[in-house]
Amino acid sequence: MHRVLGDRRAIAILLGPALLVYSLIMLVPMVWSLGYSFTKGNTVDGFTANGVANFQRLLTDPAVHDALWFTLKYALVVTAGQVVTGYLLSLLYVFFLRRASALVRTLVFFPVVLPTVAVGLLFQKLFQVAPQTGPVNSLLNAVGLDSVDWFGTAGHAFWVLILMDIWRSMGFYAVLLFAGLVDIPDEVLESARLDGASGLRLVRHIVLPLSFPVLMSSLIFSINGTLKAFDSIVALTNGGPGNGTTPLTLYMFQTSFTYGDYGYGSTIALLLTVVCLLVTLVVFRVSRRDLTKG
């Protein structure tokens, strides 16, 4: 193995095809999109260079500011919900259900494999107010409360989106974190119990530090996914009411393909890429903190 890894020709043969495919699929489109950021137009009307006009427009566009704020708010809340709910479920699997957790894990994971459009239609029916009253409003009426138009205001629609995305993804993060928890040696847990650690103390001082790497992986995976959320929002609200639930991804799509401005759409995509990189760097920086102290 050392001989192979020390041979530059062998390294080139082993890594070359993978790097070539990655460059063609990922790097070339990114550079191409960056080039579009300095142009105006589309494939029908053609492209004309306009310098940094797209970037100047980006700084003063209120729709971008609203979409960026919604994206960050949505990503923060959904990521916290996905990771915290997944971690609590994984603790339930490992320390309470144990061998009996297989059936529960399967049932909780089931929404992950459902089509996004089907989940969106399901939640539309659950929260609808007209022409038929959905189960949620029926429950409110049963306890003497008025029906709520959940998709009539941005605030209500936001929380329905949050609930839907946490529900459909918590099973995935529960399984991911469960895999990290089962790798904790039983001897370490038993020694901690003999020293008097149990319940929250055991989780805080033993389980959490030992599962921290997989927890941070889940956090990075979740935050990057939620920053680029598109399909679930289109399926449930399509960015409405108005632009109240429009993230950067949907605004980029509308700008590029509905309004035919590929240059400005590419500039919005560049902004989203920078946001993802900055958030990931912040998470990596925070992850260096030693949880066993303090």
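Ring orientation note: the planes of F38 and F55 are tilted relative to one another, at an angle of 30° to 60°. Using cut-offs of 30° and 60° on the angle between ring planes, the pair F151 and F127 is perpendicular.
The shortest side-chain heavy-atom distance between L140 and D146 does not fall under the 4.5 Å cut-off. Between V136 and F123 there is no side-chain heavy-atom pair separated by less than 4.5 Å. Contact check for L92 versus L88: no side-chain heavy atoms found under the 4.5 Å cut-off. Contact of the Y173 side chain with the T85 side chain is not registered, since no non-hydrogen atoms from C-beta on lie closer than 4.5 Å. Taking the side chain as every heavy atom from C-beta outward, W167 and V119 approach each other to under 4.5 Å.
For D45 and K40, the salt-bridge test fails: no basic side-chain N is under 4.0 Å from an acidic carboxylate O.
Atom OG of S266 sits about 9.0 Å away from atom CG of D261, to the nearest 0.5 Å.
Under a cutoff of 6.0 Å and an axis angle of 45°, K73 and F158 form a cation-pi pair.
Residues T226 and T79 have side chains that bring a donor and an acceptor to within less than 3.5 angstrom of each other. A donor-acceptor pair shorter than 3.5 Å cannot be found between the side chains of D66 and T246. Of the N and O atoms on the side chains of D61 and Y264, at least one donor lies less than 3.5 Å from an acceptor on the other residue. Side chain to side chain, Y87 and S211 meet the donor-acceptor criterion of an N or O pair below 3.5 Å. With hydrogens and angles left out, the side-chain atoms of T245 and T237 include a donor and acceptor closer than 3.5 Å. The closest side-chain donor-acceptor pair between N141 and S147 falls under 3.5 angstrom.
D231 pairs by the side-chain hydrogen bond (donor to acceptor under 3.5 Å, both in side chains) definition with T116, not counting sequence neighbours.
The backbone N or O of Q132 sits less than 3.5 Å from a side-chain atom of Q128, completing a donor-acceptor pair. Side chain of T249 to main chain of A229: a donor-acceptor pair is present (N/O by atom type, distance under 3.5 Å, no hydrogens or angles). Between the Q124 side chain and the A235 main chain, a donor and an acceptor come within less than 3.5 Å of each other.
Closest non-hydrogen pair, P241 versus A157, comes out as CD-CB, 4.2 Å.
Residue pairs meeting the ring pair (Phe, Tyr, Trp, His ring centres under 6.0 Å) criterion with at least one partner in residues 234-253, sequence neighbours excluded, are F230-F253, F253-F257.
The local environment of CG in L200 is sparse, with at most 12 non-hydrogen atoms from other residues, nucleotides or ligands closer than 6.0 Å.
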Let me have the donor-acceptor pairs involving side chains of residues 102-113, under 3.5 Å, with sequence neighbours excluded, atom names and distances please.
{"residue": "R105", "atom": "NH1", "partner": "S101", "partner atom": "OG", "Å": "2.6"}
{"residue": "T106", "atom": "OG1", "partner": "A102", "partner atom": "O", "Å": "2.9"}

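Hydrophobic clustering, with ILVMFWY side chains joined whenever heavy atoms are under 4.5 angstrom apart, groups V182 together with V188.
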